[in-house]
Amino acid sequence: MKLSGKVALVTGSSQGIGQAIAIRLAQEGADVVINYRSHPEGAEETLSKVKAAGGQCHMVEGFTIQADTGMVQDVQRMVADSVEHFGKLDILVNNAGIEKSADFWDVTEADYDAVMNVNLKGVFFATQALVKHLRETQQPGKVINISSVHEELPFPHFSAYCASKGGLKMLTRNLSVELAPWGITVNNVAPGAIETPINTKLLNDSEKLGALLKNIPLGRLGKPSDVASIVAFLASAESDYVTGTTFFVDGGLLWNYQEQ
Ligand code: BGC
């Protein structure tokens, strides 16, 4: 088991990729803090799966916390409550994310703020809260940000989303250098098209889905577990020499340009 004795906080883990990550980290032996914003029932489902993932060979504990990761006060409270509950925090997975589709000229300030607050500002200050805790306790740590292929690839009609993920790419690079002396590594995992609630509209639109599948060399959408397995690696000591890097989990989508 790669993560016995470790405590991990996974934001946005009441559904989708976050839920799969929480379960996978528990399978590796970590105690897990499950964060949700508005779906306590989803968080409870994750919690029971986390406990079950522990199985009989080891005990794994879970704990759910409501927090809007787009609000600085909330993320600070979330990290403080995690530390209080488990006595420490080793791993932070900044997974919560939102996207809103609109033509660039129609994007409202409210929608821009909502996307940037969750996808970038909340990540910034949750990571800061973890880093303060790790420095105080002189412990190493792992930060894993769930970014997107769109930290690199344009996504017309999702301009705020792309700006947030591009920002996340540079935040990771910057922090990897600044935090290395403290034994804290920072990496991004960048999913492509994954079967999750964020893609509900797309999954129900067979024309759009067909066009997207043609762009994915491996010929299928990803599963949340495809993302969770690389997060488990990055959370473990096996990746101790890896920092400041993005791992794409996209079936080849990012580099698939072919002349017709
Ligand atoms: C977005 C999805 C999109 C995928 C591939 C993800 O970051 O959240 O809506 O389908 O990228 O473009």
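Remember, it's 1-based here, ligands and their atoms both numbered in the order they're listed. Residues take their numbers from the sequence shown, with the count starting at 1.
- Between F247 and F233, the angle of the ring planes goes over 60°, which puts this pair in the perpendicular group of the 30/60° scheme.
- Between the SG atom of C162 and the CD atom of E151 there is a distance of 10.5 Å, given to the nearest 0.5 Å.
- In this model, no donor atom of one side chain and acceptor atom of the other lie less than 3.5 Å apart for D74 and Q76.
- Classified by interplanar angle (parallel below 30°, tilted 30° to 60°, perpendicular above 60°), the ring pair F158/Y161 is perpendicular.
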Can you produce the list of protein nitrogen or oxygen atoms under 3.5 Å from a nitrogen or oxygen of ligand 1, alongside each distance?
residue  : atom   : partner : partner atom : Å
ligand 1 : 7 (O)  : S148    : OG           : 2.6
ligand 1 : 7 (O)  : Y161    : OH           : 2.7
ligand 1 : 8 (O)  : E99     : OE1          : 2.5
ligand 1 : 8 (O)  : Y161    : OH           : 3.1
ligand 1 : 9 (O)  : E99     : OE1          : 3.2
ligand 1 : 9 (O)  : E99     : OE2          : 2.8
ligand 1 : 9 (O)  : N199    : OD1          : 2.9
ligand 1 : 10 (O) : N199    : OD1          : 3.3
ligand 1 : 11 (O) : H150    : NE2          : 3.3
ligand 1 : 12 (O) : H150    : NE2          : 2.7

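- Cluster partners of L203, by chain and number: V149, L153, L202, L209, L212, L213, I216, L221, F248, L253, L254, W255. The rule joins Ile, Leu, Val, Met, Phe, Trp and Tyr whenever side-chain heavy atoms lie under 4.5 Å apart.
- By the 4.5 Å heavy-atom criterion applied to side chains, V93 and K142 are not counted as neighbours.
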